[in-house]
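The block underneath contains the structure these notes are about, expressed in structure tokens.
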Amino acid sequence: MIKRWVVLAGEEGGPVCNKMGGIWNVIDAEARMLAKLAAKKEIECDLKILVAGPYYPTQGADWNKGKSRVTDVSDLEPLDMNDELTSALDHLKSEGIDVVTAQTKVDGVAVGYLLFNTAYYDSIMTSKYGQKMTLANAINTEAWQMAGLDSMQFERAPYGSEYIHYLGLSYAVSQFVKYLVSLGEEQAKKYGDEAISEFAMSVMPKMRVSLHCHEFPTFYALARLKCLGVPVRTMATLHATVPGRSSGYRSLEKIARHEAAWEPNVPVGMATLESLAKYADVVSFVGDSTMKEAMLFQNLNGIVIRNGIDLGVDYIDWKKKNLCRKKIQNFLSENLYNVFGGEKIAPEDILPVFTISRLELENKGYPQLLDSLLLQDHLIKHRRLEQRFAERMKVVCLLITSHGPKSKDKLPDGFPINLPSEVPVGEEIRLNNMIHDLGIDAGSMASGKRQASAVLYPQWVGPDDGGLNMKVDEIMAGCIAGIFPSQYEPFLLTGLEAGREGTPSIVSRACGFSDALKKVERLVTGLGGVVVVDNIEAAHQEMILDYALALDYFTWTYLEDQVKYRLLCEESFALAKLMNWTEPVLEYYKNLMVSSELDKCMPPEIRGFDDGGR
């Protein structure tokens, strides 16, 4: 009898409160889709699914002081899977490694959470190599001997506390997996007679464990298991590379020139952890660009398994789109008038578009976006010579990006149209200055000087953010189009999220998401519901022009041809629907579950999968 477990590990593994970015969505989606597939018996129905991640008990426990996450499991059920799991956790606790557990159920299938607090590892005494030392020092010493990790050097770096946390988290995850795998052997050893022990081993359930690590924070876990010789199937998934992120938009140039040297600002400790993916049985990447980076900077090769999205609906909610658009239009019209005065712009004349991203101005292509908006303003003015709608047409691009959440009590009325100089901080100030330097600020639109403008929205948007007071999906639904001109973007989940709301979008060729468009049959002749702009080979002026023309295409089609615009929305939705999580999760499953003993237990469509000779 075989008992099959899959452990999904990552720094963002766990409940949503552990979220820092898009990787949480990927881990959560994989766990939930595995549960759904098991419930429908499309994969092994007795599969046990666990998500491993960190536990931050209080404010300030998180190494990421900007996010300051607090892990809350109060809304989850107590963990209740089986005795094997309890026994493995008891082994951990005997070492002083505490683990907070919980579970949720998806279509009746349990998804368990194992959450580790690594902050106290430097206060637990243990014996290692015949010496008494703290657990943290024991982990560091073992990591040096097993994988050559120079923790003494890395812990002195600015990212030292983050690195030590990752090492501790990886150690805890690998210890749990080791104990889970060896349970049958441990129980059989209880019998004094060797023959009885061997017989017990033959009849006891075989524990087959697969470990899937998302991103480098937990790659030491799979490396350690391989060095210990623990029989476990492992997969390392890279969503980007550490050297690639440090190079940012220059990484494309480095790939083109085959320039493998790391930038001086690369956090070497983190990049070294990332290099441990070489110990995995399977290495996967979310896009072609990430794979090219990994091959260049880390000498890693593997397979591409794209990200996906969970739609939750079968059709576009047109009522939601209309209500959200009117709310945004009314808000902009009222506040442009209240803040700047002048002639009030009719709400229906305002065409809102948006972008949303981390605050990485060059990587996310904000200079290119602002230049294209300036060109868009001139295109609209030329349209006025012969088009009856053009004189009233006002395009407002919401730039949703922020260093972090801001207390709404400190925001003025009319935010973000009313944006006093004391509100933006850090790079937000630079972006706001760029907007004003080009003369495409909201005040220029209110005065009649511009017909296209940018509005910085430096806040984590939500229903109580002190501005639009709308959730991200509502803003996406209410805008005419999204524009994502990233110069560096491993995948771009936000493009799919816009498609889920039936909102057309403009994406850069540098995004991994752009590759998926080759598989979609166009519903509309012309540019289509998702436009890809070449920002790799095209000259700068061509790229800016293409962004402006694509934006003009969507906004003008909305005004002039509602039937065609709805088809564009349908096409963007169709792409999101095509790129659901079923296909990528099945690919993960096939690669994680390769085992000759299990072939007869798998559904026919899973059998005979070739692991590529790994």
Side-chain angles (χ1 to χ4, degrees), residues 322-355 366 369-401 406 408 410-424 428-459 461 465-470 474-475 478-481 483 548 551-552 554-556 558-560:
N322 291 332
L323 288 174
C324 292
R325 186 184 66 255
K326 288 177 181 178
K327 182 174 180 179
I328 296 171
Q329 289 173 321
N330 287 329
F331 175 89
L332 294 173
S333 174
E334 288 293 328
N335 285 289
L336 283 169
Y337 178 74
N338 292 339
V339 174
F340 299 108
E343 183 178 350
K344 189 173 185 179
I345 302 171
E348 61 272 18
D349 292 340
I350 296 176
L351 306 183
V353 297
F354 81 99
T355 191
Y366 280 97
L369 173 55
L370 296 182
D371 285 345
S372 67
L373 284 171
L374 180 61
L375 187 53
Q376 167 74 355
D377 175 72
H378 286 271
L379 289 173
I380 296 172
K381 289 175 179 175
H382 281 280
R383 280 193 181 276
R384 290 166 56 177
L385 300 175
E386 56 181 21
Q387 304 286 355
R388 59 191 180 95
F389 296 121
E391 188 170 350
R392 304 197 314 271
M393 179 180 178
K394 310 288 184 182
V395 175
V396 178
C397 186
L398 301 173
L399 312 183
I400 305 171
T401 184
K406 295 178 174 61
K408 72 168 189 174
K410 298 180 180 179
L411 298 176
D413 292 339
F415 171 85
I417 299 298
N418 183 15
L419 191 63
S421 58
E422 62 269 17
V423 173
E428 298 167 4
I429 297 174
R430 184 159 74 96
L431 180 54
N432 201 38
N433 288 340
M434 290 163 63
I435 294 170
H436 284 271
D437 289 345
L438 287 176
I440 53 172
D441 53 283
S444 297
M445 174 171 283
S447 68
K449 181 181 177 182
R450 297 291 188 194
Q451 287 188 256
S453 71
V455 173
L456 176 61
Y457 201 132
Q459 173 66 304
V461 296
D465 66 6
L468 282 168
N469 296 322
M470 299 171 70
E474 293 172 331
I475 294 176
C479 284
I480 306 301
I483 178 167
L551 194 56
D552 186 68
F554 286 135
T555 52
W556 192 250
Y558 171 81
L559 283 178
E560 195 175 48

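All values below were derived from every heavy atom in this structure, side-chain atoms included, with hydrogens, water molecules and symmetry-related copies excluded. For the single chain, residues carry numbers from 1 onward in sequence order.
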Locate the shortest heavy-atom distance separating [X] from [Y]; write the atom from each residue and the value.
X: Gly466; Y: Asn469; result: N-OD1, 3.0 Å
X: Pro352; Y: Gly478; result: CG-O, 3.9 Å
X: Ser444; Y: Gly439; result: OG-O, 3.3 Å
X: Gln451; Y: Glu391; result: NE2-O, 3.3 Å

> Can Arg430 and Asn433 be counted as having a side-chain donor-acceptor contact under 3.5 angstrom?
Replying inline: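 No, no side-chain donor-acceptor pair sits under 3.5 Å.
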> Does Phe340 CZ have over 12 foreign heavy atoms under 6.0 Å away?
Replying inline: yes
> Could you go step by step and tell me if Ile380 and Thr555 meet the side chain to side chain contact (heavy atoms under 4.5 Å, CB included) rule?
Replying inline: CA-CA 10 Å; Ile380 296 172; Thr555 52; over 6 Å; no
Got [X] and [Y] here, is their nearest side-chain heavy-atom distance under 4.5 Å?
X: Asp413; Y: Asn338; value: no
X: Ile435; Y: Leu399; value: yes
X: Met393; Y: Trp556; value: yes
X: Pro416; Y: Val423; value: no
X: Tyr366; Y: Thr355; value: yes
X: Asn432; Y: Glu428; value: no
X: Leu431; Y: Pro424; value: no

>> If we ignore hydrogens and angles and just use 3.5 Å, is the side chain of Gln459 paired with the main-chain N or O of Asp465 as donor and acceptor?
In response: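 Yes: the side chain of Gln459 pairs with the backbone of Asp465.
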>> Let me confirm one number: the CG-CG distance from Leu373 to Leu379, rounded to the nearest 0.5 Å.
In response: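 Nearest 0.5 Å value for the CG-CG distance: 11.0 Å.
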> From Ile480 CD1 over to Leu559 CG, what is the distance, rounded to the nearest 0.5 angstrom?
Replying inline: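 So the gap between those two atoms works out to 8.0 Å.
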>> Applying salt bridge (Lys or Arg N to Asp or Glu O under 4.0 Å) as the test, list every pair that has at least one member in residues 436-450; sequence neighbours left out.
In response: Asp377-Arg450
>> I'd like to know if Glu348 pairs up with Lys326 as an ion pair, taking the criterion as any Lys NZ or Arg NE/NH1/NH2 lying under 4.0 Å from an Asp or Glu carboxylate oxygen.
In response: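 Between Lys326 and Glu348 there is no salt bridge, as every charged N stays at least 4.0 Å from the carboxylate O atoms.
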